[in-house]
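All residue numbers in this chain count up from 1 along the given sequence. Please read all numbers here as calculations on a predicted model, not as lab measurements. Order of listing sets the numbers, starting from 1, for every ligand and every atom in it.
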Amino acid sequence: MKEPVCVTVTGAAGQISYSLIFRIASGEMLGLDQPIVLKLLEITPALGALRGVTMELDDSAFPLLRKIIYTDDAEIGFKDSDFALLVGARPRGKGMERKDLLEANANIFSVQGRTINKVASREIKILVVGNPANTNALILAKNAPDIDSKQITAMTRLDHNRSLTQLAQKLDSPITKIKHAAIWGNHSSTQYPDLHHCSVDGIPALSLVDNEWYVNHMIPSVQQRGATIIKARGSSSAASAANAAIMHMKDWVHGSQDNDWVSMGVISDGSYEIEHGLVYSFPCICRDGEWNIVKNLKINVFSRQRMTASELELIEERDAVSHLFT
Ligand code: NAX
């Protein structure tokens with residue numbers, strides 16, 4: 001057995017965490033040989049509900065779960081943290097614009113960035129789930145200057161998974177036959193689900209579906225899927241978001257399955273002429289605990305327009321919160 005690692009989850013009494021925490025504790029994220037100390041962070045009014053979650057964790061008797069600490073003190077929550085899943089945020093409700101979310105959440109992530117910078121492990125791997133995830137991750141990175149910005153990522157894996165399933169259902173194909181799907185840009189309705197490099201059982205995906213379906217059905221339905229789910233169930237995606245967070249971290253730590261691509265919001269190094277320093281979703285391959293952007297893909301005019309539209313939205317978001325950069 002390995003030495004225990006410390007995993008912090010924020011927003012731990014929320015609906016995504018209710019699925020996420022139990023899967024982390026079971027070993028699904030870091031492996032069945034990795035003992036875990038769970039640190040659960042919430043705001044003060046949610047501590048009672050969080051206590052209930054910890055009682056359920058106790059009652060699950062997870063063999064890998066060495067200790068549970070629950071708190072409303074960020075310094076305790078992030079102390080020596082090796083992995084942090086930042087879910088805590090105000091979720092998007094019916095009719096709420098991203099700009100409202102941006103304002104409500106920017107402060108949370110600047111404070112958490114400074115705290116992580118002060119007390120977390122220098123090797124920490126961070127996934128930002130709370131929306132607007134890309135820009136929250138950017139604020140965090142700007143406020144945690146001693147943490148390598150390659151260790152701070154935002155979640156677009158749910159969008160990636162949604163693309164895979166749309167295509168699999170259209171072609172009646174197993175998900176496992178689909179390779180090299182990609183989400184570019186922001187986790188928002190400007191995101192660009194790209195099938196130009198994608199294959200299904202070795203055959204180019206776009207030769208198997210008609211362009212009309214791809215452009216007018218698949219792209220908008222992936223872009224709007226979050227809103228569609230809110231409309232149907234009255235609250236935002238939870239179990240599927242938790243699943244995507246587990247897959248994101250698992251692949252980052254253990255490597256992408258079969259060297260396939262995964263989509264991750266990461267700090268742009270200027271690849272594909274995307275503005276340096278934005279947190280932008282790129283197709284990545286994970287290996288040896290690191291992610292790398294897939295390079296040298298041909299980008300046609302159709303793709304470029306969509307990639308740029310999402311980049312412009314991220315620039316606008318960044319400019320709206322730049323007063324919180326230290
Ligand atoms: P919930 O409202 O159920 O839970 C959020 C929890 O965060 C609450 O319990 C709240 O008390 C807590 N919280 C608020 N401020 C906090 C702080 N400063 N420190 C610690 N905890 C804090 O929302 P839930 O449905 O779990 O969604 C969480 C976030 O994920 C939302 O921002 C949501 O928009 C976002 N999502 C992101 C997705 C992605 O793909 N990146 C998809 C799913 C989801 O929409």
Side-chain angles (χ1 to χ4, degrees), residues 8-21 39-53 70-78 81 84-94 96-116 126-140 143 153-163 183 185-189 191 193 222-231 233-249 262-266 279 281:
T8 302
V9 179
T10 72
Q15 54 153 3
I16 293 176
S17 291
Y18 193 66
S19 171
L20 178 64
I21 291 169
K39 293 195 168 182
L40 306 176
L41 183 64
E42 258 296 350
I43 51 173
T44 313
L47 284 180
L50 184 55
R51 169 79 187 123
V53 175
Y70 74 100
T71 181
D72 58 358
D73 181 335
E75 287 212 12
I76 296 172
F78 289 116
S81 185
L85 295 94
L86 305 186
V87 184
R90 195 157 154 218
R92 184 173 52 166
K94 262 184 196 164
M96 200 172 173
E97 290 296 323
R98 286 186 67 80
K99 283 190 181 62
D100 306 328
L101 272 183
L102 191 65
E103 191 62 38
N105 288 305
N107 280 311
I108 297 177
F109 286 84
S110 57
V111 171
Q112 290 185 352
R114 287 198 291 278
T115 310
I116 287 170
I126 299 169
L127 170 62
V128 176
V129 176
N131 275 323
N134 300 52
T135 298
N136 288 340
L138 177 62
I139 295 171
L140 194 89
N143 284 279
T153 62
M155 190 164 97
T156 52
R157 184 60 176 264
L158 179 56
D159 310 298
H160 184 101
N161 289 346
R162 287 168 172 165
S163 287
I183 300 291
N186 200 0
H187 169 67
S188 77
S189 57
Q191 66 176 268
V222 173
Q223 289 171 330
Q224 299 297 332
R225 184 73 166 180
T228 309
I229 286 176
I230 290 174
K231 216 183 267 172
R233 73 184 284 269
S235 53
S236 53
S237 323
S240 57
N243 179 61
I246 296 278
M247 291 172 98
H248 177 114
M249 289 305 245
V262 290
S263 298
M264 298 170 76
V266 298
V279 174
S281 179

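At a cut-off of 3.5 Å, with distance as the only test, no side-chain donor of Ser240 or Arg225 sits close to an acceptor on the other residue.
With atom 35 (C) of ligand 1 as the reference point, the heavy atom nearest to it among Thr44, Asn136, Asn131 is part of Asn131. Among Ile229, Val53, Ile43, the residue whose heavy atom lies nearest to atom 16 (C) of ligand 1 is Ile43.
Atom-to-atom distance recorded for Ile43:CD1 and Asp72:CG is 9.5 Å, nearest 0.5 angstrom. For the atom pair CD (Gln112) and CG (Leu41), the distance works out to 6.0 Å, reported to the nearest 0.5 Å. Of the inter-residue distances, the one linking Leu85 atom CG with Ile16 atom CD1 reads 10.5 Å to the nearest 0.5 angstrom. Here Arg90 contributes atom CZ and Asn105 contributes atom CG; the two are 8.5 Å apart, rounded to the nearest 0.5 Å. Residue Gln224 holds its CD atom at 10.5 Å from CZ of Arg162, rounded to the nearest 0.5 Å. Here the CE-CG distance, from Met249 to Leu127, works out to 5.5 Å after rounding to the nearest 0.5 Å.
Near Gly11, meaning under 4.0 Å from one of its heavy atoms, ligand 1 places the atoms 6 (C), 7 (O), 12 (C), 20 (C), 21 (N). Ligand-side atoms of ligand 1 in range of Ser237: 43 (C), range being under 4.0 angstrom from any heavy atom. Listed by number with element, the atoms of ligand 1 under 4.0 Å from a non-hydrogen atom of Leu41 are 20 (C), 21 (N). For ligand 1 and Gly88, the ligand atoms under 4.0 Å from any heavy atom of the residue are 7 (O), 13 (N), 21 (N), 22 (C). Under a 4.0 Å criterion applied to the non-hydrogen atoms of Ser236, ligand 1 contributes the atoms 25 (O), 45 (O). Per-residue contacts place Ala89 under 4.0 angstrom from the following atoms of ligand 1 (heavy atoms of the residue considered): 5 (C), 7 (O), 13 (N), 14 (C), 32 (O). Near Val87, meaning under 4.0 Å from any of its heavy atoms, are these atoms of ligand 1: 28 (C), 29 (C).
Residue-level proximity to ligand 1 for Val129 is carried by backbone and side chain together, each with a heavy atom below 4.0 angstrom.
Taking the side chain to side chain contact (heavy atoms under 4.5 Å, CB included) definition, one finds that Thr156 meets it with Asp159, Ile183, His187, Ser263, Ser281, sequence neighbours left out. Qualifying side chain to side chain contact (heavy atoms under 4.5 Å, CB included) partners for Ser19, counting only residues two or more places apart in sequence or in other chains: Arg23, Ala239, Ala242.
Proximity of Thr135 to Val279: side-chain heavy atoms (C-beta onward) are nowhere separated by under 4.5 Å. Contact of the Lys39 side chain with the Phe78 side chain is not registered, since no non-hydrogen atoms from C-beta on lie closer than 4.5 Å.
Note: no N/O pair closer than 3.5 Å links Ala46 and ligand 1 by distance alone. Of the N or O atoms in Ile16, one or more lie within a sub-3.5 Å distance of an N or O in ligand 1. Between Leu158 and ligand 1, no N or O atom pair is found at a separation short of 3.5 Å. The N/O atoms of His187, backbone and side chain alike, include one that comes under 3.5 Å of an N/O atom in ligand 1. At least one N/O-N/O distance between Gln15 and ligand 1 falls below 3.5 Å. Ligand 1 has no N or O atom lying under 3.5 Å from any N or O atom of Asp159, backbone or side chain.
Residue contact check for ligand 1: Gln112 places a non-hydrogen atom closer than 4.0 Å to it.
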